[in-house]
Every structure is written in C-alpha cells, then in structure tokens.
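Okay, so here's the structure we're looking at.
Sequence lines set the chain letters: A, B, ... in the order given, protein chains first and strands last, and positions in each chain run from 1. Note that the structure is predicted; figures quoted are calculated from it, not measured.
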Protein chains: 2
Amino acid sequence: MPTPSPASYSKQFPIRHVAQVTGVLPVTLRAWERRYGLIKPERTPKGHRLYSEEDIQTVHQIVRLIDQGISVGRVRQALSSTDKQADTTSDWPAFRKQLMRLLSELNAFQALAVLRRAGELYPLHALLGELIRPVLLQLQDSEASGRWACRSILMQAVHLYMDQRSAGLEVNTRARPILMSRCLASGDDLQARVFESIAREAGVDVRWTGPAPSPLAFVELLQVSGAVGGLLWEDAEPVEHWEAQLRQLKGASPVPFAVAGDFSLRHATHLQSMLVPMLAQDALVAIQTLRTWQ
Amino acid sequence: MPTPSPASYSKQFPIRHVAQVTGVLPVTLRAWERRYGLIKPERTPKGHRLYSEEDIQTVHQIVRLIDQGISVGRVRQALSSTDKQADTTSDWPAFRKQLMRLLSELNAFQALAVLRRAGELYPLHALLGELIRPVLLQLQDSEASGRWACRSILMQAVHLYMDQRSAGLEVNTRARPILMSRCLASGDDLQARVFESIAREAGVDVRWTGPAPSPLAFVELLQVSGAVGGLLWEDAEPVEHWEAQLRQLKGASPVPFAVAGDFSLRHATHLQSMLVPMLAQDALVAIQTLRTWQ
DNA sequence: TAGCGTCTGTATAGTAATTGTACAACTATT
DNA sequence: AATAGTTGTACAATTACTATACAGACGCTA
C-alpha cells in the first residue's frame with residue numbers, strides 16, 4: 001500500500017504539469033483514466049484533476065511498461081504485481097542515502113535492488129540525473145578510505161541494472177548501428193553506458209564498443225563495421241594533443257560523428273570553434289540527433 | 001533451476017511484441033499455434049492472444065531448434081527432451097568459432113546467447129578455460145583492426161552472462177565477505193569476475209571491489225569493511241617495485257590474503273620465495289582454500 | 001528424371017478490437 | 001477575455017483475428 005511521504009500530501013499538480021513531466025498528452029491521460037481506471041487523481045471542488053506525486057510515478061511506470069511492449073489495456077495486471085515491492089521509500093534523497101549506505105557496505109546486489117526500485121518509478125534519464133550522478137559526485141568529494149571501492153561497486157550495480165533492463169527489451173538487431181566509444185585513457189564508462197541504455201530504449205541502436213586505443217582506431221572500426229555514425233563519449237579530463245586527434249578524426253570519419261559527455265560540456269566553446277559536432281546535454285534531445293543518422 | 005521473477009507471471013504481451021523479440025512473424029506464430037499447438041497463449045475476452053514471458057522463451061527455443069535443422073513438425077518431441085538432449089553445436093571449437101564471428105559483428109547480445117548455450121551444457125570453469133580464455137588469446141594474436149572492440153564486446157557479454165547467472169542465485173549477504181581486487185593499472189577484470197562467479201556459485205561470498213589504487217588502499221579497505229580475507233587477482237604484467245608493494249601488503253594485512261591470476265602463475269617461483277600465498281590455478285581447488293577463511 | 005504429395009512460410013481478404021487524438025459544448029481559473 | 005479543464009462522442013490508424021490460398025522446398029515413387 002502507498003506510504004506517501006509528507007511531501008506528497010502537500011504537492012498536487014494539474015494535468016498540464018503531469019503531461020509535461022511524463023510526456024503523455026492530457027487527452028491521453030484522461031482517456032486512460034476513463035477507459036482503464038489506472039490513475040484516479042483527486043479533484044478540486046469544481047472537478048479539475050489534482051495529481052499527487054505518486055500518481056505521476058504511476059504514470060511513469062505505465063509508460064515504462066508500454067515501452068516494454070505491454071499494451072495499455074493489460075498494464076493493470078502488470079502494475080499490480082510491481083505494487084507489492086513499492087512498500088519502501090520512494091523519493092530521491094531517500095534513494096540516494098540508501099544507495100550510499102549499501103555502497104559503503106560493498107553490497108552490489110542490494111544496491112542493484114535500489115536502482116531497480118527507483119527505475120520502476122522514474123525514467124532512466126531521471127535515474128542518471130537524480131541518483132547516479134549525484135552519488136558519484138558525493139563519492140568524489142568523500143574522504144572515506146574505501147571510496148574507490150564504493151565507486152566500483154556502484155558501477156557494477158549500474159551495469160547489472162542496465163543489462164537486466166535491456167534484456168527485457170525488444171531487440172531489433174539493425175544491420176547498421178551507431179557505435180559509441182571513448183578515447184581518453186582515464187575516466188570510466190558509466191555515464192556512457194547509461195546513455196546507451198536510454199538510447200536503446202528509445203529505439204536507437206547504439207552499441208558501446210569499449211575504450212578505443214586511439215581516435216584513428218575508432219574511425220577504422222566505423223569503416224569496417226559499416227556503422228551509420230560514431231559517438232565519442234568522454235567524461236575525463238583531456239590529455240595533450242587532443243585537439244589534433246579530434247581534428248584527425250573529423251577529417252577521416254566516413255560517417256557522421258559527434259562528441260558527448262562531461263568533457264564535451266566543459267570544452268563546449270573550444271569544440272564549437274573547431275567545428276566538431278557536439279551532442280546536447282539532455283539525453284532525450286541528444287537521441288533526437290542520433291535518430292537522424294539512422 | 002532459475003525461476004522467473006515473481007512479476008513475470010502477470011506480464012502478458014501482445015503478438016506484435018513476441019514477433020519483434022523473437023523475429024518470428026505474427027502470421028507464422030499463429031500458423032504454429034494452429035498447426036502444431038506448440039504455444040497456447042491466453043486470450044483476452046475478445047480473443048486477442050496474450051503471451052507470457054515463458055511463452056516467449058518457448059518461442060526462442062523453437063527458433064533455436066529450427067536453426068539447428070529440426071523441422072517445425074518435429075520440434076514438439078525435441079522440446080520435451082530439450083533438457084536431456086545435448087545441442088548439435090556442443091563442441092568447444094564450434095562455440096569458439098561462433099563466438100568469434102559474433103564478436104567481429106559487435107553483436108554483444110548474440111554473443112551472450114552463445115555463452116548461455118555453452119553454460120547450459122558445461123560448468124562455469126569449463127567456460128572460462130575452453131571458451132573465454134582461448135577466444136581472448138585468439139583476439140590478442142589477431143591483427144584485425146577492430147580487435148580491441150571485439151575484446152570489449154566479449155567482456156560486456158561475459159559480464160552480462162555472469163550477472164544473469166548470479167541474479168538467479170540465492171543472495172546470502174554474509175556479514176564478512178572475501179574481498180577481491182587488483183592493483184596493477186593495466187589488464188582487465190574479466191577472468192577475475194568469472195572466478196568471482198564460480199566462487200559465489202560454490203557458496204563462497206567473494207566480492208569484486210574493482211581495481212584498487214594501491215595495495216595499501218586495499219589493505220585499508222580490508223580493515224574498514226571487516227572482510228575475512230583478501231584476494232589480489234592480477235593478469236597483467238607487473239610494474240616496477242611490485243615486490244616491495246607486495247611485501248608491504250603482506251606485512252600490513254589484518255586478514256589472510258593471497259594472489260591469483262595469470263600474473264601469479266608466471267611469477268610463481270618468485271612469489272613462493274617471497275612467502276606470498278598463492279591460489280592454485282584450478283578454480284575449484286582455489287575455492288577450497290578460500291572456504292577455510294570463512 | 002519427371003511426377004506427386006506433403007510440409008511450411010507467407011499472402012490475401014474481410015472483420016473486429018484497440019488506442020491515441022480531435023471536436024463540440026460547457027465550465028473554471030486567472 | 002484568454003487560457004485551461006471537463007465530459008462525451010467520434011474518427012482514424014494500427015493491430016489482430018479467422019480462413020483460405022498459394023508457392024517453394026523436400027522427399028518419395030515410378
């Protein structure tokens with residue numbers, strides 16, 4: 001049964017807001033309510049709908065189930081089965097705290113459970129922005145002796161979660177995927193892999209190739225594999241000569257390519273002056289660009 | 001026998017989704033049902049088919065049998081005896097060849113399927129010795145331009161497979177696990193992670209912490225986390241001063257520890273003369289040693 | 001080797017269910 | 001007054017259903 005946090009009583013939202021947040025049009029929200037009775041928001045005295053935060057989470061769940069291939073009419077049953085597990089906390093600060101604790105205990109499996117719980121309620125890009133990235137930052141600031149291990153455990157858990165999510169996905173093995181890699185030696189693949197998952201769930205066939213030994217090696221791979229595009233995701237600080245390498249890549253790439261990740265955000269102006277294409281910070285917007293390549 | 005998650009019983013999918021996932025056209029699915037009665041999905045009140053996740057698994061099996069040359073009409077018997085009967089492609093050379101091909105196509109998901117098929121027939125340590133390690137070696141020798149990507153895809157697939165295997169496992173969150181790490185900067189975690197899985201399946205609570213910044217950091221973590229033992233798994237070539245580092249570790253470790261991996265095999269005599277404990281090459285024997293720590 | 005039946009995937013046709021959205025008419029909110 | 005929300009009906013695009021038909025592949029016989 002729902003155990004609303006105090007905040008969820010105080011905050012109620014009109015249908016417009018729910019539509020904005022979830023991407024489901026108001027018409028459709030009303031239709032779902034009328035036809036399937038999935039969400040029954042409160043009403044103002046005059047009959048206007050007032051959605052609670054829980055209602056919004058439910059809508060997110062519904063969207064996710066539909067993405068998994070379940071038809072709206074059948075969502076009800078699927079929804080009731082996930083309800084049982086929703087007995088624990090459900091807001092981001094609580095998730096973050098819980099996750100941090102489990103990481104410090106080096107408990108990858110329980111950490112995975114937290115990710116899964118959060119992932120049932122919110123979309124993947126929210127998970128990245130509200131849970132994974134903040135906890136990563138918190139770990140960077142932390143002075144605890146084992147924070148390298150915590151970070152590693154988090155990465156394990158995230159990979160586990162991504163893999164399990166994409167396992168239930170409709171796999172249309174397109175012949176010509178978009179390849180994604182990174183060239184800087186330091187840094188990790190975590191955010192890149194999450195982006196890969198988001199893209200796959202959005203129907204864009206992005207494949208992570210692992211770290212490339214050099215930009216040139218990546219270009220070679222683009223040619224050999226017949227990909228429709230290349231994406232360099234860099235989070236680390238750049239090394240020397242990175243401009244020259246990128247210029248080389250820009251000249252040699254047989255297909256459209258772009259740069260993304262924290263690195264590209266930090267050096268946005270510089271990259272732009274080099275006329276190197278960059279992806280937007282927002283995952284969903286970035287995916288729109290990738291879609292044009294396919 | 002791994003059972004599906006509780007939620008899966010209530011998830012029901014329309015025929016379109018099944019077609020997408022399995023690659024079998026809806027027409028054909030209906031024909032199979034009508035002619036051979038292989039799968040009998042539920043129906044909505046209005047007659048639309050509702051496939052369970054088990055049904056989808058069955059379709060996958062059928063596709064596999066057809067790929068192996070069994071005609072649809074004969075699939076029925078083959079399905080019932082699928083557990084006892086060995087696969088037609090059940091020899092290691094065939095697995096290796098198939099895996100290499102899929103890796104060169106950067107197809108992590110199909111590569112995962114090969115691992116799963118091999119894993120149904122043979123124990124995990126055989127997979128490591130007969131499939132994963134040989135293919136890794138083959139990739140090292142290969143001169144193909146994209147072999148770094150193949151290697152990375154293989155690692156993805158192996159991790160995916162390990163994760164799925166351990167997902168079906170009983171999670172006994174022992175309070176005092178054995179921590180496993182590596183300190184050499186180069187090298188990868190693949191074999192270490194496979195060993196971790198083998199150990200977990202054997203009931204020993206080994207946890208991979210990710211690469212440690214230094215042996216000392218690992219010792220610190222051993223103390224803080226209250227582990228019962230430490231294991232350094234190194235596959236890469238050693239760097240300078242590694243003897244000094246190991247000696248330091250040996251002096252500072254509050255709990256039993258040992259070294260394992262290709263590195264330890266190459267430098268066995270040297271390590272023995274330093275009185276640094278080493279794990280046997282054979283995974284099952286090594287696990288016997290770990291068991292005494294707990 | 002030609003001929004014949006069978007197996008099996010797909011094509012077609014006509015009907016029905018599902019589901020997102022559009023519109024009209026009215027009411028609330030700002 | 002302008003914007004946004006409500007209900008109910010309606011429409012169009014998918015998607016799915018049944019049933020029949022057909023073509024290529026395969027094996028068997030003469």
Side-chain angles (χ1 to χ4, degrees), chain A residues 11-52 55-56 58-79 123 170 172 202-203, chain B residues 10-53 55-56 58-79 88:
Chain A
K11 288 199 177 175
Q12 294 187 304
F13 307 92
I15 196 168
R16 179 61 53 190
H17 178 254
V18 183
Q20 193 111 48
V21 169
T22 63
V24 181
L25 292 181
V27 214
T28 312
L29 284 171
R30 285 191 281 260
W32 284 356
E33 186 182 336
R34 173 168 23 93
R35 298 213 256 242
Y36 318 109
L38 292 172
I39 7 99
K40 294 161 206 154
E42 306 263 310
R43 300 293 186 115
T44 67
K46 297 301 175 68
H48 281 207
R49 273 162 254 253
L50 289 175
Y51 292 83
S52 68
D55 290 329
I56 296 178
T58 308
V59 176
H60 273 135
Q61 286 186 61
I62 295 171
V63 170
R64 193 164 138 50
L65 287 170
I66 291 174
D67 283 345
Q68 283 180 13
I70 293 174
S71 55
V72 209
R74 298 289 127 192
V75 159
R76 162 150 252 155
Q77 311 170 36
L79 210 53
E170 303 187 359
N172 46 353
Chain B
S10 54
K11 282 191 185 169
Q12 296 180 305
F13 303 90
I15 197 169
R16 161 182 36 91
H17 178 252
V18 184
Q20 283 253 6
V21 169
T22 64
V24 181
L25 292 181
V27 214
T28 312
L29 284 171
R30 284 189 282 259
W32 285 356
E33 184 183 337
R34 175 166 23 92
R35 300 211 257 242
Y36 319 107
L38 292 171
I39 8 102
K40 295 163 207 153
E42 308 255 313
R43 299 292 188 115
T44 68
K46 299 299 176 64
H48 283 204
R49 273 162 255 255
L50 291 173
Y51 293 82
S52 68
E53 287 189 89
D55 290 329
I56 296 177
T58 309
V59 176
H60 269 132
Q61 279 188 50
I62 295 172
V63 172
R64 249 184 61 203
L65 290 171
I66 292 175
D67 281 345
Q68 288 171 21
I70 295 174
S71 65
V72 203
R74 308 287 153 72
V75 160
R76 162 148 260 156
Q77 341 166 15
L79 260 187
T88 40

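With a 4.5 Å cut-off on side-chain heavy atoms, B:L38 and B:R76 count as touching. Using a 4.5 Å heavy-atom cutoff, the side chains of A:D55 and A:V59 are not in contact. Within the 4.5 Å cutoff, side-chain heavy atoms of B:H17 are placed close to those of B:I56. Two residues are said to be in side-chain contact when any heavy atoms from C-beta on lie closer than 4.5 Å; A:L50 and A:F13 fail this criterion. Residues B:S52 and B:E42 are not in side-chain contact: their nearest non-hydrogen atoms beyond the backbone lie 4.5 Å or more apart. Using a 4.5 Å heavy-atom cutoff, the side chains of B:Y36 and B:V75 are not in contact.
Shown for residues 36-51 of chain A: residues whose heavy atoms fall under 4.0 angstrom of DNA chain D, namely A:R43, A:G47, A:H48, A:R49.
Chain A approaches DNA chain C within less than 4.0 angstrom (heavy atoms of the protein), and the contacting nucleotides run 5' to 3' from C:dT19 to C:dT29.
Between the CZ atom of B:F13 and the C1' atom of D:dT15 there is a distance of 17 Å, given to the nearest Å.
Partner of B:K11 under the side-chain contact (heavy atoms from CB on, under 4.5 Å) criterion, chosen from A:Q68, A:R74, A:Q77: A:Q68. A:Y51 pairs with exactly one of A:T58, A:V21, A:L29 by the side-chain contact (heavy atoms from CB on, under 4.5 Å) rule, that one being A:L29.
Under the side-chain contact (heavy atoms from CB on, under 4.5 Å) criterion, A:H48 pairs with A:T44, not counting sequence neighbours. Residues satisfying the side-chain contact (heavy atoms from CB on, under 4.5 Å) test with B:T28, not counting sequence neighbours, are B:V24, B:L25, B:W32.
Distances shown here put a side-chain N or O of B:R16 below 4.0 Å from the OP1 or OP2 atom of D:dA16. Residue A:R30 places no side-chain N or O under 4.0 Å from the OP1 or OP2 atom of D:dG5.
In terms of modelled atom types and a separation under 3.5 Å, the side chain of A:D67 and the main chain of A:R64 share no donor-acceptor contact.
The terminal axes of the helix from C:dT1-D:dA30 to C:dT30-D:dA1, fitted over 5 pairs per end, subtend an angle of 30° to the nearest 10°.
Applying the salt bridge (charged side-chain N to carboxylate O under 4.0 Å, His left out) test to residues at least two apart or on different chains, the pairs with a partner in residues 22-41 of chain B are B:E33-B:R43, B:E33-B:R49.
Of the residues near DNA chain C, B:A31 and A:R74, the one whose nearest nucleotide (by heavy atom distance) lies more toward the 5' end is B:A31. Residue whose closest nucleotide on DNA chain C sits further toward the 5' end, between A:I66 and B:L25: B:L25.
The two residues A:G69 and B:P14 have their closest heavy-atom pair at O-CD, 3.1 Å.
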Write down the protein N/O and nucleotide N/O pairs, taken from nucleotides 20-24 of chain D, whose separation is under 3.5 Å; answer none if there are no such pairs.
none

